[in-house]
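Note on naming: letters A, B, ... go to the chains in the order of the sequence lines (proteins, then strands), and numbering restarts at 1 for each one. Not measured: the values here are computed from a predicted model.
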There are 2 protein chains.
Amino acid sequence: MPRNGDEVRLRLQEAALELYLERGYDKTTTGDIAARAGVTERTFFRHFADKREVFFDGEAQLRDLLTGAVAAVPAGTKPLPTLRAAFHQTVPLIERNLPITQRRAPVIAATPALKERALAKSAALVAALTDALRARGVAEPIAALCAQVGMDTYSIAVRRWGADRTDDLHTHLDRAFTDLRLAANALK
Amino acid sequence: MPRNGDEVRLRLQEAALELYLERGYDKTTTGDIAARAGVTERTFFRHFADKREVFFDGEAQLRDLLTGAVAAVPAGTKPLPTLRAAFHQTVPLIERNLPITQRRAPVIAATPALKERALAKSAALVAALTDALRARGVAEPIAALCAQVGMDTYSIAVRRWGADRTDDLHTHLDRAFTDLRLAANALK
DNA sequence: GAAAGTGCGTCAGCTACTGACATGAAGTAG
DNA sequence: CTACTTCATGTCAGTAGCTGACGCACTTTC
C-alpha cells in the first residue's frame, strides 16, 4: 500500500462511502472502513476526527470560495444581494460536486448522526458569511440575520435543483431569492 | 432514593447541568451524572438516549405550542406573518424558561457536541413548522423556506433579547421581522 | 550519510452505549 | 390477604468510538 498520506485519505473516504451505502452507517465500524482502505483503525483517526467527519470533506473549500466571493462584490451592494451574487459564483463547484453529493444524499437522509453533522457544517458556513458581511461594514445583528437567511435560501435552491434539474442552478437561485423577497414583503 | 421515574429524570437533568458547569461536558462521564442523581449509569440511559439529550428537554413542548399557535392563526394570513404571530404566543414560555436557558448557554457555547444537538433541535422545529404551514395550504417549497427563515428570525430575536433585556421579547420579535423585511426588500 | 521529520502499526485503556436477566416495590384481581 | 402483574431499577457482560504512548520504516534535508 502506498504511504502517501493524501492517497490514504482519499481511499478512506471512498471506503466509508461504499460501506455506508452497502450496509448503512450504523452497521459499519471504523475498523471496517480502515480495513477496506488497507490501513489500521488508528490511521483512520489520524486523518479524520471522528466517524462522521470522513463524510464531510471539502466544506472548507466551499467556505473559502464563498467568503472570497462576498469580498469581491462591489462595495455598496446590500447584504442579501451580495450573498446572492456570491452564491452564483459557487455554481460551477456545486455542479462539479453533484455526482458525489448525490451518492451521499441517501446515506445522510437515513442517518440522524450525519444529519446533525451536516447542520453543523452549514452553521459554520453561516458563521463565515456573517464575518464576511461584517468585514464589508454590515452591522452585527443584520449580518447574522442575512447570513443565516441567505444560506437557507441557497440551500433550498440547491435542494430544488437536485430534485428537478430541468432548470439550471442559476435559475433556481434567482427563483428562491425572489420567493424570499415576496414572502418577506407580506410582513406589513 | 425515591423510585418515582419522573423525579429521577429531573434529578439527572439537574445533576448533568451542575456537572457540566463545574468541570465541563468532556470531563463529565455519564457515570458521574448518574452517581450524583443517586442512580446507576444504566438508568441514565433509560431516561435519555445519550449524553447530549439530557441537556435538551422541553423542546417537544415548544414544538407543540408553536404548531398549535400556527394552526390558530386566522386563515388567509400569509406565511411569515403567521409565523410571527405564532412566535409571539411563545413569549411567556420563553420568559419562564429564561433562568434555565441562561445557565445552559455557556455550556452549549463551549461544547461543539452540544452545539450540534442544539442545531438538530432547531431543525426539528423547522420541520414541524413546515408541516404546520403546509397544513394551512402553503405550497411545499414556500413552506420550507418560510419556516426556516422564520425560525432564524425568531432565534435572533431571542438571542438579542437575552443579551439586552431593556426591551421585551415582543419588541425584539417585531424588530427582527422588520429587519428581515427591509433586508429582503433590497433584492431588486 | 547522519539527523530530523512524518506517516503508520501496535497496544493498552477509557467511555459512551446496549442487550439480557434479576430484583424488588407497588398496584390489582380474586 | 394472597397471587399475579407491571415497571423502574440494578447488575453484568459486551461492542465500538476514540485517544495516548511508543516504536518502526521511509523520506527529506543538509
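- Here A:R103 pairs with A:E14 under the salt bridge (Lys or Arg N to Asp or Glu O under 4.0 Å) rule; sequence neighbours left out.
- The aromatic rings of B:F55 and B:Y20 sit tilted, their planes meeting at an angle between 30° and 60°.
- Ion pairing of B:D32 with B:K27 is absent here, as no side-chain N (NZ or NE/NH1/NH2) approaches a carboxylate O to less than 4.0 Å.
- With distances taken from any side-chain atom of B:V39 to the nucleotides C:dG9, D:dG10, D:dG17, the minimum falls on D:dG10.
- The separation between A:D32 atom CG and D:dC18 atom P is 14 Å, rounded to whole Å.
- Within residues 43-55 of chain A, the residues that place at least one heavy atom under 4.0 Å from DNA chain D are, in residue-number order, A:F45, A:R46, A:A49, A:D50, A:K51.
- Between A:E41 and B:E41, the one whose closest nucleotide on DNA chain D sits nearer the 5' end is B:E41.
- Checked by distance alone, B:R42 brings a side-chain donor or acceptor within 3.5 Å of a matching partner on the base of C:dG19.
- OP1 or OP2 of D:dG17 lies within a sub-4.0 Å distance of a side-chain N or O belonging to A:T30.
- Contact check on A:D57 versus A:K121 returns no salt bridge, with no Lys/Arg side-chain nitrogen under 4.0 Å from an Asp/Glu carboxylate oxygen.
- Atom OH of A:Y25 and atom C1' of D:dG17 are 9 Å apart (whole Å).
- Per the geometry, CD belonging to B:E7 stands 16 Å off C1' belonging to C:dA26, to the nearest Å.
- Scored by the salt bridge (Lys or Arg N to Asp or Glu O under 4.0 Å) test, A:D174 finds no partners at all (sequence neighbours excluded).
- For the pair B:R159 and B:W161, the cation-pi criterion (under 6.0 Å, within 45° of the ring axis) is not fulfilled.
- Look at CD1 on B:I33: it is 13 Å from P on C:dT15, rounded to the nearest Å.
- Spacing between atom CG of B:L19 and atom C1' of C:dT15 amounts to 16 Å, rounded to whole angstrom units.
- If you take CG of A:D26 and P of C:dA16, they are 19 Å apart, rounded to a whole angstrom.
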